[in-house]
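This report concerns only the one structure given below.
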Number of protein chains: 2
Amino acid sequence: MPRPRTPLLSTERIAEAAMELVDEGEPFGVNAIARRLGVTPSSLYNHVAGRDEIVELMRGRLGEQYLPPAIEGTWDVVVEEMLRAERRMYAEHPFLIPLIVGKTITDPTVIASYDLLATALSGAGFPDDDVLEIVAILDAFSIGFGLDLASPDEIWRPETPTTTLGRLVESSPRGAPRSDRAFEAGLEMLLDGLRLRLARTELD
Amino acid sequence: MPRPRTPLLSTERIAEAAMELVDEGEPFGVNAIARRLGVTPSSLYNHVAGRDEIVELMRGRLGEQYLPPAIEGTWDVVVEEMLRAERRMYAEHPFLIPLIVGKTITDPTVIASYDLLATALSGAGFPDDDVLEIVAILDAFSIGFGLDLASPDEIWRPETPTTTLGRLVESSPRGAPRSDRAFEAGLEMLLDGLRLRLARTELD
């Protein structure tokens, strides 16, 4: 190997190479990352302990890139801005989703983002018992719509007769406009539901 | 290779081997499947054209295993039963999600399942223009909550002080009971939102 002019390895470079592999649908193990960076696997272990730590580094990298560190406004503005940012993040990195969802979150940037959301909901008057339940609903929503945005322009291609689906597919919008419209409708329904829930809490 | 007593290969066996690889987080290319089945890659090509067809076979396999072929009841019963089935399917196969979401759906079992849902919504009075939008919202919901159920018992482990999150994590339920509770709350909010939307449509 030629001697590098700049230090080749850092946790940032390792996370970047791992993200590239994951985005391509490739395995992102220590050996594959080492090959991509042109270093030996053993040199990687000077920077990371293994696969789990690499997943957490990727999560942190995305968090820094996509998640707003602060949001001005009422709780529903915080929810909406966070959902829009997360949807974009997940849409652009769909293969990372099962990896990061499958692991306990420790990365400080992503923890801070959840703390921002939990603090806004708690401050708005949602009871402590409800806040993490609502956070889970918001997570499900942003992940689901991120994946919807990542889906192909043609979602269904029925090859046998259908009662309803085929007819609707012919006349419905496609691609990002389709996904954007569903997201906006879902977001409105979700925010309305949360506002109603908060109003009921205040009446109790 | 020893001569097999029964025919080794079928699209079913290929889909099964591919699912095993995907569930283990392994690459599921033709070579890996051939290795797992103890056959040559070229013999696989007598049954499948390649990666895309294998993804579709896996989708169909899950559809047959999890999705109800018929549901008795009003539109909201259809929505609820389908969401429960899909959530379980996605929770048990999280690594398949980005693969199947990234590809146009042609598998007849899964097409029939979407047709069942679209027919129920259309028959209930949701306008044609709205049905596939609602289907996308339901998909986002079931995928998101499937992944939530697949997440570890401990979702957050803050290692630095937080304003709200750390306190809530200490006192909140964990594991499947936590995810079930959030799913039920989200489901109720979603069905309420759809009922309201249908009532508004009927008033127009």
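Below, chains carry the letters A, B, ... as their sequence lines are ordered, and counting in each starts from 1.
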So, the part of A:Leu99 with a heavy atom under 4.5 Å from chain B: the answer is both
Segment of B:Ile155 engaging chain A (4.5 angstrom heavy-atom cut-off): both
B:Val110 portion near chain A, given a 4.5 angstrom heavy-atom threshold: neither
Rounded to the nearest 0.5 Å, how far does CZ of A:Phe141 lie from CG of B:Leu190? 9.5 Å
Quick check on the interface: out of B:Pro98, B:Gly25, B:Gly144, who has the most heavy-atom pairs with chain A under 4.5 Å? B:Pro98
Do you know which of B:Ala150, B:Ala185, B:Gly29 has the most heavy-atom pairs with chain A at a distance under 4.5 angstrom? B:Ala185
So which of A:Ala118, A:Pro152, A:Ala136, A:Ala182 has the largest heavy-atom pair count under 4.5 angstrom toward chain B? A:Pro152
Heavy-atom pairs under 4.5 Å with chain A, option from B:Leu116, B:Ile143, B:Ile137 with the top count: B:Ile137
Which atoms of B:Ile111 approach chain A - backbone, side chain, both or neither, heavy atom under 4.5 Å: both
Report the distance from atom CE of A:Met189 to atom CG of B:Leu194, rounding to the nearest 0.5 Å. 4.5 Å
Taking 3.5 Å as the threshold, show me the donor-acceptor pairs across chain B and chain A, one per line with distances to 0.1 Å.
unit_1, atom_1, unit_2, atom_2, d
B:Thr104, OG1, A:Glu154, O, 2.6
B:Ile105, N, A:Ile155, O, 2.7
B:Ile105, O, A:Arg157, N, 2.8
B:Asp115, OD1, A:Thr163, N, 3.4
B:Asp115, OD1, A:Thr164, N, 2.8
B:Asp115, OD1, A:Leu165, N, 2.8
B:Asp115, OD2, A:Thr163, N, 2.7
B:Asp115, OD2, A:Thr163, OG1, 3.4
B:Thr119, OG1, A:Thr164, OG1, 2.7
B:Asp128, OD1, A:Arg167, NH1, 3.3
B:Asp128, OD2, A:Arg167, NH1, 2.3
B:Asp129, O, A:Arg181, NH2, 2.5
B:Glu133, OE1, A:Arg181, NE, 2.4
B:Glu133, OE1, A:Arg181, NH2, 2.8
B:Glu154, O, A:Thr104, OG1, 2.6
B:Ile155, O, A:Ile105, N, 2.7
B:Arg157, N, A:Ile105, O, 2.8
B:Thr163, N, A:Asp115, OD1, 3.4
B:Thr163, N, A:Asp115, OD2, 2.8
B:Thr163, OG1, A:Asp115, OD2, 3.4
B:Thr164, N, A:Asp115, OD1, 2.8
B:Thr164, OG1, A:Thr119, OG1, 2.6
B:Leu165, N, A:Asp115, OD1, 2.8
B:Arg167, NH1, A:Asp128, OD1, 3.3
B:Arg167, NH1, A:Asp128, OD2, 2.3
B:Arg181, NE, A:Glu133, OE1, 2.5
B:Arg181, NH2, A:Asp129, O, 2.5
B:Arg181, NH2, A:Glu133, OE1, 2.7

Heavy-atom pair count under 4.5 Å with chain A, highest-scoring of B:Gly166, B:Gly123, B:Ala140: B:Ala140
Steps toward side chain to side chain contact (heavy atoms under 4.5 Å, CB included) verdict (A:Leu165, B:Leu132): CA-CA 8 Å; A:Leu165 187 68; B:Leu132 293 190; 3.9 Å; yes
Side chains of B:Leu168 and A:Val135: closer than 4.5 Å at any heavy-atom pair? no
Under a 4.5 Å heavy-atom cut-off, does chain B meet the side chain of A:Ile97, its backbone, both or neither? side chain
Honestly, the part of B:Pro158 sitting under 4.5 Å from a heavy atom of chain A is both
When only pairs under 4.5 Å are counted, which of B:Leu147, B:Leu121, B:Leu117, B:Ile105 shares the most heavy-atom pairs with chain A? B:Ile105
